[in-house]
Amino acid sequence: MNKDIERARERIEALSEEIEAHNYRYYVIDDPVISDARYDQMIRELEKLEKQYPSLASPYSPTQRVGGRPREGFATVRHLSPMMSLANAFDEGELRDFDRRVRQALLDEHVRYVVEPKIDGLAVSLFYENGLFSRGATRGDGETGEDISENLKTIRSVPLRLRRMVPALEVRGEAYMSKDSFAKLNEAREETGEPLFANPRNAAAGTLRQLDPRITASRGLNLFVYGIGYNEGVDPSDHSEVLKLLKELGFRVNEFHLFDNMDEVIKFCLDWKSRRFDLPYAVDGLVIKVSSLGQQQRLGATMKSPRWAIAYKFPPEQAVTTVKNIFVRVGRTGALTPTAEMEPVRVAGTTVSRATLHNEDNIREKDIRIGDRVLIQKAGDIIPEVIAVLPDERKGNEKVWSMPSECPSCGSRVVRAEGEAAVRCTNMACPAKLWEGLIHFSSRNTMDITGLGPAVLAQILAGGLIHDPADLYSLRYEDLVALERMGPKSVQNLLGAVEASKKNSLSRLIFALGIRHVGERAAKILAERYESLEILMGAKEEDLIAIPEIGPKIASSIVSFFAQEQNVQVIDKLVKAGVNTRAEKKGSGSGMLAGKVFVLTGALENFSRQEAQEIVERLGGKVSSSASRSTDYVVAGDKPGSKYDKALALGIPILDEKGFREITGMD
Ligand code: IVH
């Protein structure tokens, strides 16, 4: 046997295995560890080898499939026609190859192309029956996706009713998170110690797969629609007509450009490249599509992608610069975040002079020193980060950095809790913590006090008007109107917002308190479980751990938060000011399933996951996403997941669909 073939076989095997492992991380658990560019590179290397040695190409190679599989938790939806992916072109030459292939297949007919931005989000399908939104799904593995109708409905730009009646229509588009929302979400997650999303695409995917649509709604997703998957009753002949039609029907359609030939397309692509950084969302390329639908049909598709379209991918933007210094920022929870101050450098459309270094472990692992030359990149074109040091460029005078043992803001001792990456300031009255805490307390997803921007807050703090969040409720008109740039109208608006915030739900208040590890979801779960903040304050650690989804870390953090006298005083002041601390009445106490906790797994024949959940809740029960000792019933449909095994192990009663109908009184 030829040595080259043997070497190729080994490489193909290694690549296939590695790509499959990355597929799993990317599609199944939303936690990729390599860049898309690196992934593409591996796929291309594999494709090349398989082309060179066709006898080594296996039908199970990762190049032969679209990838991924639906995750447990949502009902599955079979797509009416497969949702494919796009082949990529990385340079002008590859665009010309594409054009050549297209024209050859069409026997040199004239071809016009439509060019659209390629949004870096998540492909979704939306189905309308008689002009009404009936169902929405993720792409999944291309054949079957997940039913995420409820979550898609939270996106305001998704029309629930078309502007014109169409008997049946399936549209496809890209759901995404704006750069701004992505940055805010990650900032909040860093503070509460939750894992960060690597880029807006993952953040959008994670958000659309939230089992609770209220969380989806709060995270600012949006959607651009770019094509039709199935239709009855409309008859466009050209892709540019499709896009116009979609606009008329009420969908959000991105800019698109029609060109007469590939030369024009290429000129446009090269010119457009730098424009992407001006957009409020991440764009990772441009999509070039043959415009005539007749021609599209004749070109057809390969196993994975249509032959009539290609994605022109932009190279990832990286730059090399020098670390001038490393300083520390103190966050709301007292976490000290080391930040690199760098020689300003242009990357992904802006000048960057700072990059977060996350924590001391990251600095140690990458061995980042003051004076180092470093490679930087923006995560999802947004947040600058140091990817690696260039050790060959070291001169010998670089300085190793270490975490200060005192808080840079107030000089108090800092500690690093076991199992945590962050070092925190221990002083409850630390001014840096107070500042960040107030920003968090008043932000949109917590108490929503508009008009309390950083400039106003800085003046309020400097004037000694407030010392904790509860003091916001004793701000007076005279004090505020004396501040710079605060006219009577802004003062009235601010006081109005403060007043209105007293009526907020208990879950908002719990989230606003800034208890470590208690994010939006945990706050909601707590507010559903406890009738009031006062009752929650008395909860014991073991009571809290017994609640599904509240783990020991959260439980212990809650107990120690309420054990601190200063926090209790703040809460007392909030109560005296009239801030609502009671949970909404759910009218569920008397339902036939009152107090019962259900876990749903697998697909039911007659109900979607959402419907089953609504039925349980209407009858006063609760649905939890994981089985534990406090679960009363596990409802198992077709292809149940690991929750089923857990239920068996814990001896929890398991209901099939018939059993579910009986217990809910539907039979
Ligand atoms: S057309 C056969 N147009 O890119 C697929 N896709 O691998 C036809 N994408 O996740 C797709 N913007 O959702 C098309 N303007 C656009 C797009 C777009 C983003 C996504 C698509 C899919 C990936 C293709």
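We count ligands from 1, going down the list as the structure has it; atoms in each ligand are counted the same way. Keep in mind that what you see is a predicted model, and the values were worked out from it rather than measured.
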Looking only at atom types and distance, does a side-chain atom of Thr138 sit under 3.5 Å from a main-chain N or O of Glu146, one as donor and one as acceptor?
yes
Taking heavy atoms and a distance under 4.0 Å, where does Ala123 meet ligand 1: side chain, backbone, both or neither?
both
Atom 15 (N) of ligand 1 - nearest protein heavy atom and its distance
Glu116 OE1, 2.7 Å
Against Arg11, only a single residue in Glu17, Glu50, Glu45 fulfils salt bridge (charged side-chain N to carboxylate O under 4.0 Å, His left out); can you say which?
Glu45
Taking heavy atoms and a distance under 4.0 Å, where does Met84 meet ligand 1: side chain, backbone, both or neither?
both
Distance-only N or O hit between ligand 1 and Leu86, under 3.5 Å:
yes
Answer with side chain, backbone, both or neither: which part of Lys289 has a heavy atom less than 4.0 angstrom from an atom of ligand 1?
side chain
Which residue and heavy atom of the protein sit nearest atom 11 (C) of ligand 1, plus the separation:
Tyr226 CE1, 3.7 Å
Identity and separation of the nearest protein heavy atom to atom 4 (O) of ligand 1
Lys118 CE, 3.2 Å
Between Glu174 and ligand 1, is there a nitrogen or oxygen pair with a distance under 3.5 Å?
yes
Between Lys267 and Asp271, is there a side-chain N and carboxylate O pair less than 4.0 Å apart?
yes
In terms of heavy-atom contacts, Ala612 and Leu600 come closest through CB-CD1, 4.0 Å
Determine the interplanar angle of the His257 and Phe259 rings, folded into 0 to 90°, and report it as parallel if under 30°, tilted if 30 to 60°, perpendicular if over 60°.
parallel
Mind checking whether Pro117 contacts ligand 1 via backbone (N, CA, C, O), side chain (CB onward), both or neither, at a 4.0 Å heavy-atom cut-off?
backbone
Closest heavy-atom approach to atom 19 (C) of ligand 1 among Val124, Ile119, Val115 is made by Ile119
Interfacing atoms of ligand 1 (cut-off 4.0 Å, heavy-atom, Pro306)
2 (C)
Would you say the side chains of Arg172 and Ser81 form a donor-acceptor pair under 3.5 Å?
yes
Does a salt bridge link Glu92 with Arg96, judged by any charged N lying under 4.0 Å from a carboxylate O?
yes
Answer yes or no for Arg209 and Phe74: cation-pi contact, defined as NZ/CZ to six-membered ring centre under 6.0 Å and angle to ring axis within 45°.
no
